[in-house]
Structures are given as structure tokens and as C-alpha cells.
Number of protein chains: 2
Amino acid sequence: MRATTGVRLTGPLLAAASPETRAALLAHASVLTVPRGTTILAQDTPADRLLVLLQGSVGLSNAEDGGTATMVEIIAAGDALSIAPVLLQVPHAVSAVALAPCRLLALSAEEFRAAAALDAGLMRAAMEQMARQWRLMMDQVVDLKTRDATQRAARFLLHRLPAQRGAVDIPEPRGAIAARLGMTPESLSRALHGLEAAGLLRLQGRRVDVTDRAALLRVSLPRAGASQGARRV
Amino acid sequence: MRATTGVRLTGPLLAAASPETRAALLAHASVLTVPRGTTILAQDTPADRLLVLLQGSVGLSNAEDGGTATMVEIIAAGDALSIAPVLLQVPHAVSAVALAPCRLLALSAEEFRAAAALDAGLMRAAMEQMARQWRLMMDQVVDLKTRDATQRAARFLLHRLPAQRGAVDIPEPRGAIAARLGMTPESLSRALHGLEAAGLLRLQGRRVDVTDRAALLRVSLPRAGASQGARRV
DNA sequence: CAGCTCCGTTGATCTGAATCAATCCCGGCA
DNA sequence: TGCCGGGATTGATTCAGATCAACGGAGCTG
């Protein structure tokens with residue numbers, strides 16, 4: 001296996017490591033292929049390996065001791081699962097399940113920690129990932145506080161949309177997306193069909209064809225007069 | 001200044017550094033005292049110093065390019081503001097304003113970065129803080145998705161409550177708390193007075209006297225049948 | 001290939017919380 | 001001590017979205 005190939009296919013985290021570090025880590029790495037619905041990580045379980053999502057889609061959900069589980073984030077290909085638990089040697093704070101067929105790269109947690117301690121670039125990349133995940137969570141908080149269901153749905157699509165206008169494939173079940181967006185599947189369906197009726201997009205099963213990207217962006221902006229959380233001291 | 005005094009007053013972050021590192025950092029540190037309403041950090045501004053909140057209360061808010069600002073978190077004494085921006089040398093992702101009169105410890109960002117690079121304990125504590133802040137944000141997402149206004153208000157009080165039953169002082173303006181909880185001040189008022197009417201607590205201006213902590217905890221649990229985000233794949 | 005099950009959609013209704021609109025009350029100040 | 005101003009409270013109304021319910025279609029299985 002050529003190292004450079006590994007780099008490109010492996011996401012920003014390992015890309016930041018020196019070629020030697022990366023080669024060492026990849027030497028013992030394995031690739032998992034799992035079908036939709038597989039539980040990849042269980043909450044409150046020790047973090048014995050670092051997983052990088054190569055392909056597919058993974059949902060992160062948190063169950064409070066009570067039992068109610070909540071979909072907290074949907075991870076895109078290229079991202080690493082649970083860097084923090086691996087580095088800090090604490091149990092996973094969330095469970096991860098495959099929302100679509102997935103390919104994952106699995107690295108030994110111990111080796112990764114050792115590598116991060118020695119390779120400053122890798123350590124920095126790990127911290128950047130943690131900061132990024134904080135930001136994603138913060139963005140979601142902002143979304144939930146300032147945007148209504150339709151706006152959140154519009155924004156979700158925009159985030160998924162490749163560079164230019166066009167169609168996106170949404171492999172995840174609607175219920176998972178609705179949960180991530182903090183609404184019921186019924187509401188998501190209505191929001192999506194409302195956008196379609198407005199002529200901004202076209203729904204074709206799990207493919208969404210965005211006709212008017214600019215209008216979709218406009219829809220996704222929070223209403224100016226929103227008060228929730230918009231108070232100055 | 002005795003170093004040990006500094007430790008205790010300085011929060012878990014600096015407590016994790018070696019005595020020498022800590023002494024070196026504290027040597028150039030300064031203490032700020034600011035009145036309520038002061039903007040302590042501005043979003044999109046370079047992170048040139050690390051601030052540790054010694055006393056008071058600080059609100060973190062995020063303004064999207066559009067302009068709508070949202071209260072994203074309220075920081076408790078002992079916590080550090082914006083560790084990630086300091087370590088990664090990126091601009092602040094949020095603004096910070098004093099929600100009550102505050103005392104803050106200010107350290108040079110550059111010195112802190114240097115210290116963290118040399119002192120493994122400090123580096124680990126910094127990562128722990130980042131992980132903790134991610135978790136706080138995730139908890140908030142869960143709250144917003146699974147709890148109604150009254151439950152979120154109850155939970156907020158419980159988090160503030162000292163070890164044993166008793167009264168808490170809530171120095172922040174109601175509007176700021178409401179924003180943090182993702183509701184309007186009107187709704188917060190109604191939630192709080194509802195809990196008072198139920199006999200769980202007693203409102204006395206900015207002091208809240210919790211009569212029945214167990215019942216408050218019970219109230220704060222998400223309803224079992226909550227569907228939002230509670231779907232299995 | 002037929003049946004079944006699960007997922008997504010659609011409709012009707014209900015409810016929690018936002019909005020709009022007055023007060024009320026506390027703290028600061030003259 | 002009385003006035004003033006802004007935050008907090010309370011009430012009336014409205015509305016977005018949850019809930020309840022039923023239906024349609026796609027994919028899997030026997």
C-alpha cells in the first residue's frame with residue numbers, strides 16, 4: 001500500500017501526521033465494512049480503538065441514564081469517531097451506529113496515543129478535530145435556538161450539497177435526520193415537501209435535486225426578529 | 001503570592017500544571033475586575049490571552065454573519081475561556097460578556113502555549129477542558145431536543161445547586177438565563193413560578209430556595225415517551 | 001410472485017411556547 | 001424620600017410543530 005494513497009483516503013487527521021508516523025499507524029490498521037444499523041461504538045464503553053469513517057454515514061447518539069436516546073450528530077466521511085475518549089482514555093460519551101453501509105479504518109488507541117505524544121503535527125490535528133466537533137455542536141445549539149423546522153432542514157441540505165448546484169444523495173433514513181435536526185419525521189417530511197412546493201428543490205426518493213441553491217440559502221437564514229437567545233445583557 | 005494559594009483559586013486547568021510551570025505562568029498573569037455587561041472577548045478576534053474566570057459569571061454568545069446573536073453557554077467560576085482558540089491560534093468563535101461582576105485571571109496566550117507544549121500535565125488538562133466543553137454543548141443539545149421549558153429550567157437550577165439542599169444565588173439577568181435555555185424570558189418566568197406553585201422551590205428575587213430537591217430532579221427527567229430524536233434506526 | 005413489514009407521507013387535532021401588550025417592582029439617583 | 005427606568009411578571013392570543021391516526025409504497029422474505 002502506498003502511503004500517499006493512504007493519506008488521501010484517510011481524512012485530515014492522519015494527513016497531518018508525518019509520513020513515518022502514518023505508515024506505522026496504518027501498518028496495524030484494519031478496515032471494517034459494516035451494514036446499515038450496526039452499532040459501531042457503545043456509550044460508556046472503553047475507547048480501545050480510533051475509528052475513521054472512510055465511507056458511509058454514522059449517527060452519534062447519547063442515552064441519559066434514564067434511557068431516552070437522542071441523535072446528537074451525523075458524522076460525514078473523513079471524520080474520526082471519538083478522538084477525545086481515545087486520547088484521554090475515558091469511556092465513549094456517545095454510541096455510534098451506521099446509518100448507511102460504512103467502511104471504517106480502525107487504529108489501535110494505544111498506538112495512536114503514543115503517536116500523538118511524539119508527533120506534534122498529529123497532536124495538533126487531533127486538537128483541531130476536537131475544536132471542530134465543539135463547533136459543530138455549538139452550531140447545532142444555535143440552529144435549535146434560532147431556526148424553525150424548515151430552516152433547519154434547508155440548512156442540512158445545504159451542508160450536504162457539493163460545491164456546485166446539483167443533486168445530493170441522502171442515504172440516512174428520514175427518522176435519523178429528523179432526530180439530528182430536533183424534529184419528528186412528520187415535521188421533516190412536511191418541511192421538505194414545503195420546500196419542494198416552493199420550487200427550491202425536487203425530491204426523488206433518497207436523492208434531492210436542489211434547483212435554486214440561492215433561495216434555499218435565503219430560506220435557511222434565521223428570521224431577523226428572532227428573540228430566542230437574541231437578547232443583549 | 002504562595003503558589004498553593006494560586007492553585008486552589010485558579011481552577012482545574014492550572015492545577016494540573018507542575019508547580020514550576022504554574023509559578024512561571026502566574027508570574028506574568030494579571031487579575032481583571034469587570035462590572036456586569038462588560039464584553040470580555042469579541043468573536044472573530046485573535047486569541048491573545050487565556051482567561052480563567054475566578055469569580056462571577058460569563059455568557060458566551062455566537063453571532064452568525066447575519067447578525068443574530070445567541071447565548072450559547074454560561075461559564076461557571078473556575079473554568080477557562082476559549083482554551084481552543086489560544087492553543088490553536090485561531091480567532092474566538094464566540095463573544096464573552098460578564099453577566100455579573102467578574103474577576104478574571106489573564107495569562108499570555110503565547111506563554112500558555114509554550115507551557116502546554118512542555119508540560120504534559122497541563123496539555124492533558126487543556127484537552128480535558130476541551131472535551132468537557134464539548135460535553136456541555138452536547139448536553140445542551142440533548143436538553144433542547146428532549147426536555148420542555150419547565151424541565152430545562154429545573155435542570156438549570158439543579159446544576160447550580162450546591163451539594164446539599166438549600167438556596168442558590170442566580171446573579172445573571174433572567175433574560176440571559178432564558179437565552180441560554182432556549183426560551184423567552186416570559187417562558188422562563190412561567191416555568192419558575194410554576195415550579196414554585198408546585199411547592200418545589202421558593203423564589204426570592206435573585207435567590208432561589210429549593211425546598212424539594214428530589215422532586216425537582218424528578219421533574220427534570222425527560223418524559224418517557226419523548227419521540228424527538230428517540231428513534232432507533 | 002405474493003405477502004408482509006417497515007418507512008415515509010399525508011391529514012386532523014391538540015398543545016406548549018412565542019408573541020403582543022400591560023403592569024409591576026426593585027434599584028439607582030436626584 | 002420620592003421619581004425614574006429597565007428588568008420581571010402576568011395575561012390574552014396565536015402559531016409552529018408534536019401527537020394521533022391512517023394510508024401508500026418499496027424492499028425483503030418465504
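Just so we're on the same page: letters track the sequence lines, and every chain starts at 1.
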Report the nucleotide, chosen from D/dT10, C/dT9, C/dT19, that has the shortest atom-to-atom distance to any side-chain atom of B/His193. D/dT10
Tell me if the side-chain of A/Arg190 makes a donor-acceptor pair with the base of C/dG11, cut-off 3.5 Å, by modelled atom types. yes
Can you check the B/Asp148 CG to C/dG16 P distance for me, whole Å? 8 Å
Tell me the interatomic distance from B/Arg206, atom CZ, to D/dT9, atom P, rounded to whole angstroms. 10 Å
Given atom CZ of A/Arg152 and atom P of D/dA16, what is their separation to the nearest angstrom? 14 Å
Under a 3.5 Å distance rule, please check whether B/Thr38 uses its side chain to pair with a backbone N or O of B/Val34 as donor and acceptor. no
When rounded to whole Å, the CD to P distance for the pair B/Gln204 and D/dA8 reads 17 Å
Are A/Arg152 and A/Asp148 within salt-bridge range, i.e. N to O under 4.0 Å? no
How many Å lie between CD1 on B/Ile177 and C1' on D/dG7, as a whole number? 12 Å
Give a yes or no answer on whether the side chain of B/Asn62 reaches the backbone of B/Ala93 with a donor-acceptor pair at less than 3.5 Å. yes
Please report the distance, rounded to the nearest Å, between CD in B/Gln151 and C1' in C/dA17. 14 Å
Residues A/Glu128, A/Arg135: salt bridge by 4.0 Å N-O rule: no
Give the nucleotide from the list C/dT19, D/dA21, D/dG17 with an atom nearest to the side chain of A/Glu186. D/dA21
Phosphate contact (D/dA18 OP1 or OP2) by A/Ser187 side-chain N/O below 4.0 Å: yes
Taken to the nearest whole Å, CE/A/Met183 to C1'/D/dT19 is 16 Å
Using a cut-off of less than 4.0 Å, is there contact between a side-chain N or O of B/Ser189 and OP1 or OP2 of D/dT9? yes
To the nearest angstrom, how far is A/Lys145 atom NZ from C/dA17 atom P? 15 Å
